[in-house]
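Heavy atoms only: backbone and side chains are in, while hydrogens, waters and symmetry mates are out.
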Amino acid sequence: MKPLVVRRLGRVSYARGLEIQESLVAERQAGRVPDHLLLLEHDPVFTLGRNARQENLLFPAETLRERGFDVFETGRGGDVTYHGPGQVVAYPVIDLSPDRRDVHRYVRDLEEVMIRACADDGVEAGRVPGLTGTWVGRDKIGAIGVRIARWVTSHGFAFNVATDLSAFDLIVPCGIRGRGVTSLGRLLGRPVPIDEVMDRLSANFCAVFERQAGGSSGG
């Protein structure tokens, strides 16, 4: 198995998360570092992917900033979503060459990581045909937005653990109307330690992607 370095960055701004990813992607493309999985929480931010429609922000960006949210246009796929404390954001920076060069498979594999993490806590999650992400009934628990350059990945997925779900009321999450958003804590009716969820996501990522966690670090 290929080695995987797992780094837990704590709570960082979205801009800082992008900076770390961009540096790692360049190093990975050059073959100077192994595959990485970054696990972190973001300060409250709404991000708009390459396909985002402005009307899916239900308030002007300036109004959202006045209310304490950053608003960021970014290079991942997908529409608008929210990141904030209590949500595990996972940024895999891995080389899909030579045997996993399939974008559709990559997204389905990220969904599988979150499905298995839910199962670890006794929650039955799954997929919805035609929609990206991981779902429990009609509610999304995990969102996905990725970027792949020269078959090296960046961005990734966001898994709601103890997220302030009211923030999603300010947008049309992922541009999908008529469906809700949930979290592991809401489904279980109890607090869930975010570090434990990071452990499960990391273990399931290694299992799905056939990687061997060869090291971990903070910062």
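- Sorted by first and then second residue, the pairs that involve residues 141-182 and meet ring-ring contact (aromatic ring centres under 6.0 Å, His included), not counting sequence neighbours, are Y82-F168.
- Atom CG of residue D139 and atom OG of residue S183 lie 10.0 Å apart, to the nearest 0.5 angstrom.
- What you find for A207 and R116 is that their closest heavy atoms are CB-NH1, 3.8 Å.
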L24 and R7: CA distance, side-chain angles, deciding distance, side-chain contact (heavy atoms from CB on, under 4.5 Å) verdict | CA-CA 12 Å; L24 264 181; R7 291 176 59 188; 4.1 Å; yes

Report the C-alpha distance between R200 and V197 in whole Å, list the side-chain angles of each, state the deciding distance to 0.1 Å, and finish with yes or no for side-chain contact (heavy atoms from CB on, under 4.5 Å).
-> CA-CA 5 Å; R200 294 180 195 125; V197 178; 4.1 Å; yes

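- In terms of heavy-atom proximity, L37 sits nearest to A90 at CD1-CB, 4.2 Å.
- Salt-bridge check for R105 with D109: passed, with a basic side-chain N closer than 4.0 Å to an acidic carboxylate O.
- Residue R177 places its CZ atom among 12 or fewer non-hydrogen atoms of other residues, nucleotides or ligands, all under 6.0 Å distant.
- The only option from T132, V181, L131 that meets the side-chain contact (heavy atoms from CB on, under 4.5 Å) definition with I176 turns out to be L131.
- For the side chain to side chain donor-acceptor pair (under 3.5 Å) test, residues two or more places apart in sequence or in another chain that qualify with T163 are N160.
- Here D35 contributes atom CG and C206 contributes atom SG; the two are 10.0 Å apart, rounded to the nearest 0.5 Å.
- Transitive grouping of hydrophobic side chains (ILVMFWY, heavy atoms separated by less than 4.5 Å) brings M198 and I94 into a common cluster.
- Here E124 contributes atom CD and C118 contributes atom SG; the two are 10.5 Å apart, rounded to the nearest 0.5 Å.
- Closest non-hydrogen pair, S13 versus R16, comes out as OG-N, 3.1 Å.
- Rounding to the nearest 0.5 Å gives a distance of 10.5 Å between NE2 of H36 and CD1 of I20.
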Show the numbers, then the answer: is there a side-chain contact (heavy atoms from CB on, under 4.5 Å) between L170 and R67?
-> CA-CA 11 Å; L170 304 176; R67 294 179 64 167; 3.8 Å; yes

Stepwise side-chain contact (heavy atoms from CB on, under 4.5 Å) check, I141 with M114 | CA-CA 9 Å; I141 193 169; M114 292 187 282; 5.8 Å; no

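- Identified under the salt bridge (charged side-chain N to carboxylate O under 4.0 Å, His left out) test for residues 181-191, with sequence neighbours left out: D121-R190.
- Residue V12 is grouped with residue F72 when hydrophobic side chains (ILVMFWY) are merged at heavy-atom distances under 4.5 angstrom, including chains of intermediate members.
- Between L48 and Q54, the closest side-chain pair of non-hydrogen atoms falls below 4.5 Å.
- Within the 3.5 Å criterion, the main-chain N or O of K2 finds no donor-acceptor partner in the side chain of R211.
- In terms of heavy-atom proximity, T153 sits nearest to P92 at OG1-O, 2.8 Å.
- In this structure, V93 is a member of the same hydrophobic cluster as L40, with clusters built from ILVMFWY side-chain heavy atoms closer than 4.5 Å.
- Heavy-atom contacts from other residues, nucleotides or ligands closer than 6.0 Å to CD of E66 number more than 12.
- Atoms CG and CD1, on D199 and I194 in that order, are 11.5 Å from each other to the nearest 0.5 Å.
- For the pair L58 and V172, the tightest heavy-atom approach, listed with the atom from each and the gap, is CD2-CG2, 3.8 Å.
- Nearest heavy atoms, L110 versus I144: CB-CD1, 3.8 Å.
- Linking ILVMFWY side-chain heavy atoms closer than 4.5 Å, directly or via other members, places V208 and V6 in a single hydrophobic cluster.
- Side chains of T182 and R138 form no contact here, defined as non-hydrogen atoms less than 4.5 Å apart.
- For F209, the ring pair (Phe, Tyr, Trp, His ring centres under 6.0 Å) partners at least two apart in sequence or on another chain are Y106, F205.
- Of the inter-residue distances, the one linking L18 atom CG with T74 atom OG1 reads 4.5 Å to the nearest 0.5 angstrom.
- Annotation: side chain to side chain donor-acceptor pair (under 3.5 Å) contacts involving residues 39-50, sequence neighbours excluded, comprise R11-D43, H42-Y91, T47-R76.
- When the salt bridge (charged side-chain N to carboxylate O under 4.0 Å, His left out) test is applied to R108, the partners found at least two apart in sequence or on another chain are E111.
- One hydrophobic cluster, built from ILVMFWY side chains closer than 4.5 Å, cannot hold both W135 and V161; they sit in different ones.
- Side-chain contact between R100 and E210 is present, with at least one heavy-atom pair separated by less than 4.5 Å.
- A 4.5 Å side-chain heavy-atom check between T134 and K140 finds every atom pair outside the cut-off.
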